[in-house]
Amino acid sequence: MSDLHEPVLAWYDEHARELPWRSTAAGPWSVMVSEFMLQQTPVARVLPVHEQWLRRWPTPAALAAETAGEAVRAWGRLGYPRRALRLHAAATTIVERHGGQVPASYDDLRALPGIGDYTAAAIATFAHGRRHVVLDTNVRRVLARVATGEEFPAAGVTKGERTLAAELLPEDEPTAATWSVAVMELGALVCTAANPRCPACPLADLCAWRAAGHPAYDGPPRRAQAWAGTDRQCRGRLLAVLRDTEGEVTAARLDAAWSEELQRARCLAGLVEDGLVVRTPRGTYALP
DNA sequence: GAGCCGTGGTA
DNA sequence: TTACCAAGGCT
C-alpha cells in the first residue's frame, strides 16, 4: 500500500490550502489553538477567530494570564465552548509544568485537558514534526474508501483501522508528517463525505470503493443530532447572553432567553457545573 | 461504548 | 425545509 504515498504527496504539494497554522512562521501554539478550534468546527469559521486569538494571546502564558471567562467570550460562536475552557486550562498547565512551551511529546500533550488521541498526535506531528498515526474523520474516511471499499468508516476507531494507518505511515519522520497532513487534506477537499470528487482524486485508480462501483453505505444509521428544543440549544442561548454582556447578568435576563422554566434551570445548573458560568453571591450570573 | 456537548453552512 | 455534518473529547 506504500504506493499510495507518491500520488498523495504530489497532490498535496499542488493543492494544499495555505492556512495560518501551516505557515512556516506559525509556532506550536498557533497549531495547538487551531487544533482545539477545529474539533468539529469547519476551517472557514475557525480562521477569523484563530487570528484574533493569536493576536491577543500570542503565547500560552498570555492566555493563562487571563480569566477563563475571557477565553469563553473570545471563543464567540465557534460552538462547544467547553473547548475554550479546556484550552485555557491547558495553557495554564503548560506554563506551570512545561516552562510555557507547548510540549512535543505525545504523552505530555495527551495529559492536557481537551487533548485526546487525535489532537495529541496532530500537535506532535504538525507543530513538532514527530511521527505519529494521525487518525481523524478525514483520514478514516479516505482509508475506508481506498483500502476497505466502504463509503464510511465504523462509528468508532477499530483496531484494524489503526493497524492499517500505522502500516501506511512513512518511516521517515518528516515524510510521515507531510503524509499525515496530506491525507487529511485529501479527505477535506476531495474525498469528502458527500459528493466526493473522484475524478480529481490522485488515488482514484487505486481506490477499492471506486473499483466496486461506489456501493452505498449500509452500516447502522448514524443518528441525527437533535437540536430544536434540546438542552444544547438552551445552553447555547443562555451562554450567548453571558458572552454578549460585560459583567454580571440578572436571572431575569436569562429567564427571557428560554421560556421553559424547568429546562432552563437544569441547563443553567449544568453550565455552572461545567465551569462555564458562575453564580455570584448576589444571585446574578457571569462568565468565570 | 453510547450519549452528550454548539453552531452555521450547504444541498 | 429538513438533514447532514465539520481537524473530537469526556463521562
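Note that the structure is predicted; figures quoted are calculated from it, not measured. Computation of the quantities below employed the complete heavy-atom set of this structure, encompassing side-chain atoms and omitting hydrogens, waters and symmetry-equivalent molecules.
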Review point. Pick one: which of A:Arg145, A:Glu151, A:Arg141 meets side-chain contact (heavy atoms from CB on, under 4.5 Å) with A:Pro196?
Key: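 Checked A:Arg145, A:Glu151, A:Arg141 against A:Pro196; only one passes side-chain contact (heavy atoms from CB on, under 4.5 Å): A:Arg145.
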
Over how many whole Å does the gap from [X] atom [atom1] to [N] atom [atom2] extend?
| X | N | atom1 | atom2 | value |
| --- | --- | --- | --- | --- |
| A:Arg83 | B:dG6 | CZ | C1' | 8 Å |
| A:Met37 | B:dG6 | CE | P | 16 Å |
| A:Tyr80 | C:dT11 | OH | C1' | 15 Å |
| A:Leu38 | B:dT7 | CG | P | 17 Å |
| A:Asn138 | C:dG8 | CG | C1' | 12 Å |
| A:Arg110 | C:dG9 | CZ | P | 7 Å |
| A:Asp117 | C:dG9 | CG | P | 7 Å |
| A:Leu109 | C:dG9 | CG | P | 12 Å |

Review point. Does some side-chain heavy atom of A:Arg22 sit less than 4.5 Å from a side-chain heavy atom of A:Glu185?
Key: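 Yes; the side chains approach each other to less than 4.5 Å.
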
Check your understanding: How about A:Leu186 and A:Leu203: do any of their side-chain heavy atoms sit closer than 4.5 Å?
Key -> yes

**Study point:** Distance-only donor-acceptor test, A:Arg232 side-chain atoms vs B:dT7 base atoms, 3.5 Å
**Key:** no

**Study point:** Side chain A:Thr119 and base C:dG9 donor-acceptor under 3.5 Å
**Key:**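 Check fails, no donor-acceptor contact within cut-off.
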
Using a heavy-atom cut-off of 4.0 Å across all strands, would you classify [X] as base, sugar-phosphate, or nothing?
| X | answer |
| --- | --- |
| A:Asp274 | nothing |
| A:Leu239 | nothing |
| A:Arg266 | nothing |
| A:Ala122 | nothing |
| A:Arg235 | sugar-phosphate |
| A:Thr137 | sugar-phosphate |
| A:Gly236 | sugar-phosphate |
| A:Gly79 | base |

Which listed nucleotide ([options]) is nearest to the side chain of [X]?
| X | options | result |
| --- | --- | --- |
| A:Leu19 | C:dA7, C:dG9, C:dA6 | C:dA7 |
| A:Trp21 | B:dG6, C:dA7, C:dA6 | C:dA7 |
| A:Met184 | C:dC5, C:dA7, B:dG6 | C:dA7 |
| A:Arg22 | C:dG9, C:dA7, B:dC5 | C:dA7 |
| A:Arg82 | C:dC5, C:dA6, B:dC5 | B:dC5 |
| A:Arg243 | C:dA7, B:dC5, B:dT7 | B:dT7 |
| A:Pro81 | B:dG6, C:dA6, B:dT7 | B:dG6 |
| A:Arg77 | C:dG9, B:dT7, C:dC10 | B:dT7 |

Mind checking the [atom1] distance from [N] to [M]? Whole angstroms is fine.
| N | M | atom1 | result |
| --- | --- | --- | --- |
| C:dC4 | B:dG3 | P | 16 Å |
| C:dG9 | B:dG9 | P | 25 Å |
| B:dC4 | C:dA7 | P | 23 Å |

Review point. So, is A:Arg140 close to the C:dG8 phosphate, meaning a side-chain N or O under 4.0 Å from OP1 or OP2?
Key: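 No, because none of the side-chain N or O atoms of A:Arg140 sits under 4.0 Å from OP1 or OP2 of C:dG8.
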
**Study point:** Phosphate OP1/OP2 of C:dG8: any A:Gln39 side-chain N/O under 4.0 Å
**Key:**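 So the side-chain polar atoms of A:Gln39 never come under 4.0 Å of the phosphate oxygens OP1 or OP2 of C:dG8.
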
Review point. Cut-off 3.5 Å, side chains only: do A:Ser105 and A:His128 have a donor facing an acceptor?
Key: no

Exercise for review: Could you tell me whether A:Arg264 and A:Glu260 make a salt bridge, using a distance below 4.0 angstrom between a side-chain N and a carboxylate O?
Suggested key: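 A:Glu260 and A:Arg264: not salt-bridged.
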
Point to revise | Closest-nucleotide 5' rank along DNA chain C - winner of A:Ile115 and A:Val43 | key: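 Nearest-nucleotide comparison on DNA chain C picks A:Val43.
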
Point to revise | Over all atoms of both residues, closest heavy-atom pair of A:Ala144 and A:Phe152 | key: CB-C, 4.0 Å

Check your understanding: Pick the nucleotide of DNA chain B nearest each of A:Gln233 and A:Val157; which residue has the one closer to the 5' end?
Key -> A:Val157

Exercise for review: Please lay out, stage by stage, how A:Leu242 and A:Leu271 fare under the test side chain to side chain contact (heavy atoms under 4.5 Å, CB included).
Suggested key: CA-CA 11 Å; A:Leu242 275 295; A:Leu271 289 169; over 6 Å; no

